[in-house]
Q: 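Okay, handing you the structure first.
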Amino acid sequence: MKDLAFPHIRPHPDQGRIRQSFRRGLDSYHRSASVQADIAARLAGMLQAQGAPRQIGAALEFGCGTGHLTRQLLQRFETGSLILNDLVPEAACALRALDGTAPAQARFEPGPIETLPLPQDLDLIASASTVQWIPDLPALTARLAARLKPGGWLALSGFGRGQFRELAALGSAAAAPSYLDAAEWRAVLPESMEILAIEQRPAVLEFGTALELLKHLRQTGVNGHAQHSWSRRRLRDFEAAYRAQFGRDGRLPLTYDPVLLAARKTG
């Protein structure tokens, strides 16, 4: 059955580029995305700390990737049914890799969350390190809230405006459309969703060379709009500028700016 309630929601126009970037990094993502793995653990822990019940009837996770958040949720909660979704169809491997820990009623649905047909009466909708790619977050969160039961839970993480601040300053960042700081999230959620907890805590990785830093971005797919071609000269100039402006003790820092929230539907 098609979802006709929100016909105005459209996926990002660069969706193909984003899909290709994450598809290319899928094999390396799980071992390379250390920040995202930590975010997933913190988000599931936040949900638990705010009183989400151990038994959750029906759950949806979108942007599941390689399953960082999926595993954290299944360690803490028992679900009667589970829908995993990702823009990249090959991410179905996340479900296959759960080795019997997934509920019997678990399935994978590929495609953009903006247009994915969603069931009614969900108890939990969760997503880690994904919502920054959604151009119209108010429209999406309204759509998600409409699919939650009263008392249902929403657990999301994206990134704040300090995300990749070094790359942005050098003109080399491919900014996602919805970097939002913690204080901006109340205006994004519908009135029916009560924010129970929200945090913003930057994390900084360090690399020995610009090439190592760029490999990290490629292996995690996180700079999905980037269109630079890296000649030796361009790479040399980029590293010199990076070191001059941000280098410390011979290392090149890269700032992640995660924002995590847990909310509950009040009516």
Q: Taking Leu98 as the starting point, is it possible to reach Phe77 by hopping between hydrophobic residues whose side chains are less than 4.5 Å apart?
A: no
Q: Might you point out which heavy atoms bring Gly67 and Ala94 nearest each other, and give the distance in Å?
A: N-CB, 3.9 Å
Q: Tell me whether Asp86 contacts the main-chain N or O of Ala91 through its side chain, where contact means a donor paired with an acceptor under 3.5 Å.
A: no
Q: Heavy atoms, side chains only, cut-off 4.5 Å: are Thr66 and His68 in contact?
A: yes
Q: Identify the two heavy atoms, one from Pro202 and one from Pro258, that lie closest to each other, and give their separation to 0.1 Å.
A: CA-CD, 4.1 Å
Q: Salt bridge between Asp121 and Lys149, side-chain N to carboxylate O under 4.0 Å?
A: no
Q: Check whether Leu167 and Tyr179 end up in the same hydrophobic cluster, where Ile, Leu, Val, Met, Phe, Trp and Tyr are linked by side-chain heavy atoms less than 4.5 Å apart.
A: yes
Q: If I compare all heavy atoms of Gln245 with all of Ala169, which pair ends up nearest, and what's the gap?
A: NE2-CB, 3.9 Å
Q: Report the C-alpha distance between Thr255 and Glu166 in whole Å, list the side-chain angles of each, state the deciding distance to 0.1 Å, and finish with yes or no for side-chain contact (heavy atoms from CB on, under 4.5 Å).
A: CA-CA 7 Å; Thr255 300; Glu166 301 87 355; 2.6 Å; yes
Q: Might you point out which heavy atoms bring Pro253 and Leu213 nearest each other, and give the distance in Å?
A: O-CD1, 4.4 Å
Q: Can you find a heavy atom in the side chain of Trp185 that is under 4.5 Å from one in the side chain of Val259?
A: yes
Q: Check whether any side-chain heavy atom of Phe246 lies under 4.5 Å from a side-chain heavy atom of Arg165, and answer yes or no.
A: yes
Q: Evaluate the criterion side chain to side chain donor-acceptor pair (under 3.5 Å) for residue pair Arg76 and Gln72; output intermediate values, then yes/no.
A: CA-CA 7 Å; Arg76 292 169 170 83; Gln72 292 292 336; 2.5 Å; yes
Q: So Phe62 and Leu144, do their side chains get closer than 4.5 Å, heavy atoms only?
A: yes
Q: Verify the cluster assignment for Ile125 and Leu116: are they in a single hydrophobic cluster under the rule of side-chain heavy atoms below 4.5 Å apart?
A: yes
Q: If you look at every heavy atom in Leu235 and Ala210, which pair is closest and at what distance?
A: CD1-CB, 4.0 Å
Q: Walk me through it: do Leu60 and Leu124 pass the test side-chain contact (heavy atoms from CB on, under 4.5 Å)?
A: CA-CA 6 Å; Leu60 162 71; Leu124 169 66; over 6 Å; no
Q: Can you tell me how far OG1 of Thr70 sits from CD of Glu61, rounded to the nearest 0.5 angstrom?
A: 3.5 Å
Q: Starting from Val204, can I reach Leu170 by hopping between I/L/V/M/F/W/Y residues whose side chains sit under 4.5 Å apart?
A: no
Q: If you count the non-hydrogen atoms of other residues, nucleotides and ligands that lie under 6.0 Å from CZ in Arg232, is the total more than 12?
A: no
Q: Could you check whether any side-chain N or O of Asp181 sits under 3.5 Å from a backbone N or O of Glu184, counting only pairs where one atom can act as donor and the other as acceptor?
A: no
Q: With the side chain counted from C-beta on, respond yes when His216 and Arg218 share a heavy-atom pair under 4.5 Å apart, and no when they do not.
A: no
Q: Apply side-chain contact (heavy atoms from CB on, under 4.5 Å) to the pair Ser172 and Phe238, showing each step before the final yes or no.
A: CA-CA 9 Å; Ser172 296; Phe238 171 72; 3.5 Å; yes
Q: To the nearest 0.5 angstrom, please state how far the CG atom of Leu43 sits from the CG atom of Leu261.
A: 7.5 Å
Q: To the nearest 0.5 Å, what is the distance between CD on Gln75 and CD on Gln48?
A: 10.0 Å
Q: Is the closest side-chain heavy-atom distance between Glu114 and Ile134 below 4.5 Å?
A: yes
Q: Look at the aromatic rings of Tyr256 and Phe164 and report parallel, tilted or perpendicular, splitting at 30° and 60°.
A: perpendicular
Q: In Å and rounded to the nearest 0.5 Å, what is the CG to CZ distance from Leu260 to Phe159?
A: 8.5 Å
Q: Do Leu82 and Leu154 sit in one hydrophobic cluster, given that two such residues count as connected whenever their side-chain heavy atoms are within less than 4.5 Å of each other, even indirectly?
A: no
Q: Any side-chain to backbone donor/acceptor pair from Arg186 onto Leu189? Under 3.5 Å, distance only.
A: yes
Q: For a 4.5 angstrom cut-off between non-hydrogen side-chain atoms, does Arg264 reach Gln50?
A: no
Q: Apply the test side-chain contact (heavy atoms from CB on, under 4.5 Å) to residues Ile113 and Leu118: give CA-CA distance (whole Å), side-chain angles for both, the deciding distance (0.1 Å), then the verdict.
A: CA-CA 9 Å; Ile113 187 60; Leu118 301 179; 4.0 Å; yes
Q: Could you check if a side-chain atom of Ser81 sits within less than 4.5 angstrom of a side-chain atom of Ile83, using non-hydrogen atoms only?
A: no
Q: Please answer whether the main-chain N or O of Val188 pairs with a side-chain N or O of Thr141 as donor and acceptor at a distance below 3.5 Å.
A: yes
Q: Passes side chain to side chain donor-acceptor pair (under 3.5 Å), Thr209 versus Glu239? Steps please.
A: CA-CA 7 Å; Thr209 67; Glu239 179 160 337; 5.0 Å; no
Q: Measure across Leu73 and Ala126 and return the closest heavy-atom pair with its distance rounded to 0.1 Å.
A: CD1-CB, 4.0 Å
Q: Which residue is it: Arg201, Gln163, Gln132, Gln200? I am looking for the one with a side chain to side chain donor-acceptor pair (under 3.5 Å) to Asp257.
A: Gln200
Q: Is there a donor-acceptor contact under 3.5 Å from the side chain of Lys265 to the main chain of Met193?
A: no
Q: Give, for atom CG of Asn85 and atom CG of Leu95, the distance between the pair rounded to the nearest 0.5 Å.
A: 12.0 Å
Q: Is there a donor-acceptor pair under 3.5 Å between the side chain of Asp123 and the backbone N or O of Gly152?
A: no
Q: Can you establish whether the number of heavy atoms outside Glu206 located under 6.0 Å from its atom CD is more than 12?
A: yes
Q: SG/Cys64 to CD/Glu109 distance, rounded to the nearest 0.5 angstrom?
A: 11.0 Å
